[in-house]
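The structure appears right after this line, and notes come after that.
Letters A, B, ... are given to chains in the order of the sequence lines, protein chains preceding strands, and every chain is numbered from 1.
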There are 2 protein chains.
Amino acid sequence: MHDPKIRLEKMIDNLKRHGYKITPQRLAILRILAYSLGHPSVEEIYQQIRIDFPTISIATVYKNISTMKTLGEVLELGFGNDSSRYDGHTPYPHPHVICTKCKKIVDSQLENFQDFTQKVIQETGFSIVNHRIDFFGLCPDCQRQNS
Amino acid sequence: MHDPKIRLEKMIDNLKRHGYKITPQRLAILRILAYSLGHPSVEEIYQQIRIDFPTISIATVYKNISTMKTLGEVLELGFGNDSSRYDGHTPYPHPHVICTKCKKIVDSQLENFQDFTQKVIQETGFSIVNHRIDFFGLCPDCQRQNS
DNA sequence: TATTAGAAGAGAATGATTATTATTTAATAA
DNA sequence: TTATTAAATAATAATCATTCTCTTCTAATA
Ligand SMILES: [Mn+2]
Ligand SMILES: [Mn+2]
Ligand SMILES: [Zn+2]
Ligand SMILES: [Zn+2]
C-alpha cells in the first residue's frame, strides 16, 4: 500500500471494475494522487496538470477526486475555510502534522488509536467507524526562520 | 472551568479587560456559548437569539464569535463543507465524537494526548501547539433507528 | 447629557465547491 | 476500422458559508 506504482494500478483497477473509463485527464490526476506525499490541494493538482493539459477544467479535477473518494482511494482532509488537501498515497485514516505557517502537511506513523477508539466507544456509546487526528505547530524549517 | 455561570463571567471579564463593550446582543451570544453543551453552529446561535433580538444580523454573531476566538474563549470546530461548530463551554482542545447521521457532537474526556504529542514531536521535529481529535460514527439514538 | 470609540445591521463580495449543459471521447462490438 | 453510446470533459452558472464594507446606533465614561 506504499509503492506509488502499485497504488496507481490499484486505483485504475478499481475504476475499471466499477465501469469507469480511463481518460488521459483522469490518469494524470490519479498519478498525482498516487505519487505525491505532500497532500496537494485541488488547485495544486489543477496547476500541475495544466502543464500537460492546458484546457483541463478545475471542475474535472473536483469530479475525479470525488469519484476516487467514493471508491475509498483517496483521503480528504477538509479544513474550515482553507481548501481541502488530499492523500491518495495512504487513503485510510492516519494522523497528520500540519505547519500553521507554511501549510505543509506530514504523515505520522503512530498507530495506537485502536485503544483510544475502544475507550471512546465505552465512554460515549457511539459506534466509531472513522477518525481524524491532526497536530498543529511549526515545521523544522519554519522554526528556524522564526529564531 | 465547567460551571457555565463562571464561564460566562470569565468571558465578560476577559472582554472588559481588553476594552470591549458589553452589549445586549454580545451578552446573549456569550450566554449561549457558555451554557450550551451541544456545539452550536452560527446559524443555530443566530436563530436562538432572534427570539429575543429579532433585528440582530448574522454578521454580528460571526463577528462576536471571531472576537471570542481571538481571546481564546471559544473553540471552533471547522468542517470541510458543513458550517463550523463552537464550544464556549470547554474552549481548549479536546476530543470530539461526531454522529455522521444527526450531526450531534459530544465531548470526550480522554486526556492522554501528551504522550502522543511527545511522540509526534520526536517523529517529525515539529513544535506542536495544538491538536484536533475527532471520532466519527453513529450515536446511540441513530444506531437504534437503523436496526 | 454629551461625547465617542466600538458595535450592530444590512447587504455586497469572496472563494471554495457543486450543478448544469453542450460537446467530446473511451470503450465496445459490428 | 468504423459506428455507437454512455460516460467524461470543459465552460460556466449557481450555491453557500463566511468575510467585508459602510452606515447607523449605542455602551461606557465623564
Ligand atoms: Mn496523509
Ligand atoms: Mn467540545
Ligand atoms: Zn512550515
Ligand atoms: Zn445521531
Quick one: salt bridge (charged side-chain N to carboxylate O under 4.0 Å, His left out) pairs with a partner in residues 95-105 of chain A, sequence neighbours left out?
A:Lys104-A:Asp141

Where each residue is assigned the nucleotide of DNA chain C containing its nearest heavy atom, which of B:Gly19 and A:Ser66 is assigned the position nearer the 5′ end?
B:Gly19

Run the ring-ring contact (aromatic ring centres under 6.0 Å, His included) test against B:His96 and tell me which residues pass, sequence neighbours left out.
B:His39, B:His94

Distance-only, no hydrogens or angles: does the B:Glu73 side chain make a donor-acceptor pair with backbone N or O of B:Met11 under 3.5 Å?
no

If you link ILVMFWY side chains whenever their heavy atoms are less than 4.5 Å apart, which other residues fall into the same cluster as A:Val129? By chain and number, please.
none

Length of the line joining B:Arg26:CZ and C:dG9:C1', which is rounded to integer Å
14 Å

Could you list the donor-acceptor pairs under 3.5 angstrom formed between side-chain atoms of residues 64-72 of chain A and any protein atom two or more places apart in sequence or on another chain?
residue : atom : partner : partner atom : Å
A:Asn64 : OD1  : A:Arg26 : NE           : 2.5
A:Asn64 : OD1  : A:Arg26 : NH2          : 3.2
A:Asn64 : ND2  : A:Thr60 : O            : 2.9
A:Thr67 : OG1  : A:Lys63 : O            : 3.0
A:Lys69 : NZ   : A:Glu76 : OE1          : 2.7
A:Thr70 : OG1  : A:Thr67 : O            : 2.7

Rounding to 0.5 Å, atoms CD1 (B:Ile32) and OH (B:Tyr86) come to a distance of 13.5 Å

Could you give all pairs that pass the salt bridge (charged side-chain N to carboxylate O under 4.0 Å, His left out) test and reach residues 34-52 of chain A, with sequence neighbours left out?
none

5' to 3' contact window, DNA chain D with chain A (heavy-atom distance under 4.0 Å)
D:dA6 to D:dT19

Residues from residues 70-87 of chain A lying under 4.0 Å of DNA chain C - heavy atoms
A:Ser83, A:Ser84

For B:Phe136, the other hydrophobic cluster members (4.5 Å side-chain criterion, sorted by chain and number) are B:Leu75, B:Leu77, B:Phe79, B:Ile98, B:Ile105

Generate the contact string for nucleotides 21-30 of chain C. Rules: B means base contact, S means sugar-phosphate contact only, - means no protein heavy atom under 4.0 Å.
-----BS---

Within-4.5 Å side-chain heavy-atom neighbours: A:Ile58 and A:Val42:
yes

Calculate the interatomic distance between B:Ile58 atom CD1 and C:dA12 atom P; express it in whole Å.
16 Å

Quick one: does any side-chain atom of B:Arg85 pair with a main-chain N or O of B:Gly78 as donor and acceptor, under 3.5 Å?
no

Under 4.5 Å side-chain heavy-atom separation, chaining through any Ile, Leu, Val, Met, Phe, Trp or Tyr, what else clusters with A:Phe135? Say none if it is isolated.
A:Val97, A:Val106, A:Leu110, A:Phe113, A:Phe116, A:Val120, A:Ile121, A:Phe126, A:Ile128, A:Ile133, B:Val97, B:Val106, B:Leu110, B:Phe113, B:Phe116, B:Val120, B:Ile121, B:Phe126, B:Ile128, B:Ile133, B:Phe135

Here the residues of residues 32-57 of chain B within 4.0 Å heavy-atom distance, strictly under, of DNA chain C are B:Thr55, B:Ile56, B:Ser57

Examine distances only and state if a side-chain atom of A:Ser36 and a backbone atom of A:Gly38 form a donor-acceptor pair shorter than 3.5 Å.
no

If a pair satisfies side-chain hydrogen bond (donor to acceptor under 3.5 Å, both in side chains) and one of its residues is in residues 118-131 of chain A, list it, with sequence neighbours excluded.
A:Glu123-B:Ser108

